[in-house]
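Chain identifiers are assigned alphabetically (A, B, ...) following the order of the sequence lines, protein sequences preceding nucleic acid strands; residue numbering begins at 1 within each chain. Because the structure is a prediction, the values reported are computed rather than measured. When reading the values below, keep in mind they use all heavy atoms of this one structure, side chains included, and skip hydrogens, waters and symmetry mates.
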2 protein chains.
Amino acid sequence: MQKTIAEQGSDLRMAVFRLSRRLRAQKADDGMSDGQFAVLAALYVDGAHTLTGLAERERVSAPSMNRTVNCLQDSGYVERSADPDDGRKTNISLTDAGTSIVSETVTKRDAWLTARVKDLPKEDRGVLARAVELMEEIVSH
Amino acid sequence: MQKTIAEQGSDLRMAVFRLSRRLRAQKADDGMSDGQFAVLAALYVDGAHTLTGLAERERVSAPSMNRTVNCLQDSGYVERSADPDDGRKTNISLTDAGTSIVSETVTKRDAWLTARVKDLPKEDRGVLARAVELMEEIVSH
DNA sequence: TATTGTTATACTCTATAACTATA
DNA sequence: TATAGTTATAGAGTATAACAATA
């Protein structure tokens, strides 16, 4: 019984959503929402951002991002500093505590997945490695 | 250059997150939330459910599911009927309109991904199909 | 004037607690 | 008593509109 390409696409979508949901559930700080963690991860990967920059990157409104940043600031994970060149801008960056929580969460998320990948036959790990390349290709198109 | 298993896990996590984000951005544009659509899809795949059954399946509280079902009922996509054997239960099932909207939405949501899968060589589609099985296995563990 | 950040306000989705009907 | 469904109410997270400060 051969599946159609449309069915293969549908299967891939469902598998990716399920695995993504499961991975996202592995968090280091239970009080932090996905949106909050996404902001910390963006700052971790690409350094300081303005509020508008973060809002555009995460595709939420500026007031919504302002609220998220306020929460992270209250938790001590980010800090605001005035931009020396443009008085309207505020640079938002990770504190040491913010950097730590990102590393911890990434490690924890990877630990769960790595434990499951480790138990697969070598051949299956090869399939996943190639699938990763294909998914990257699909996303970048 | 051989990657470690931990690096493979990390690569897989990032690829899944990116593809998931990209797929979610291909929104259905029909005023229906993800939660509402998930309920229709569950009824479509597995037939009628009770309210509690739906709540457990989607991992939300019963009141939350009750509200979702109320919205879907108001939209004419599902209907409630008394269970003949147990007066406490209500069976929730798709209407004809509900069945139609599921097919339409699935087609629309998958169109983007299917178009990209279609352009891959046959071997690569085989890799993705096997990767889907592996991801399902990983999630169910 | 345009842009950046912020406050005010409202809507959606979620949860817990409490109530009703039935087993 | 226990279970299924529902209602009441509250807490996140989101959005648009409006405002202040700066370019």
Heavy atoms from other residues, nucleotides or ligands near CG of A:D96 exceed 12 (cutoff 6.0 Å): no
B:S140 side chain to B:E136 backbone, donor-acceptor under 3.5 Å: yes
Closest nucleotide among D:dA17, D:dT7, C:dT4 to the A:P63 side chain: D:dA17
Sugar-phosphate only, base, or nothing, as touched by A:T90 at under 4.0 Å among non-hydrogen atoms: sugar-phosphate
Listed nucleotide nearest any side-chain atom of A:R88, set C:dT6, C:dT4, C:dA15: C:dT4
Backbone N/O of A:R109 and side chain of B:R13: donor-acceptor pair under 3.5 Å: no
B:L128 side chain reached by A:I138 side chain, heavy atoms, under 4.5 Å: yes
Touch class at under 4.0 angstrom, heavy-atom based, for B:D83 against every strand present: nothing
Selected nucleotide, minimal atom distance to B:R80 side chain, candidates D:dA23, D:dT6, C:dT7: D:dT6
Touch class at under 4.0 angstrom, heavy-atom based, for A:Q36 against every strand present: sugar-phosphate
Backbone N/O of B:T4 and side chain of B:E7: donor-acceptor pair under 3.5 Å: yes
Short side-chain N/O contact to D:dG5 OP1/OP2 from B:N66, under 4.0 Å: no
Stretch residues 46-57 of chain A: residues that reach within less than 4.0 Å of DNA chain C through a heavy atom: A:T50, A:L51, A:T52
Test item: side-chain donor near acceptor, A:S81 and A:N91, under 3.5 Å: no
Selection from C:dT14, D:dA4, C:dT6 that lies nearest to any side-chain heavy atom of B:T68: C:dT14
First of A:S64 and B:I92 reached from the 5' end of DNA chain D, by closest nucleotide: B:I92
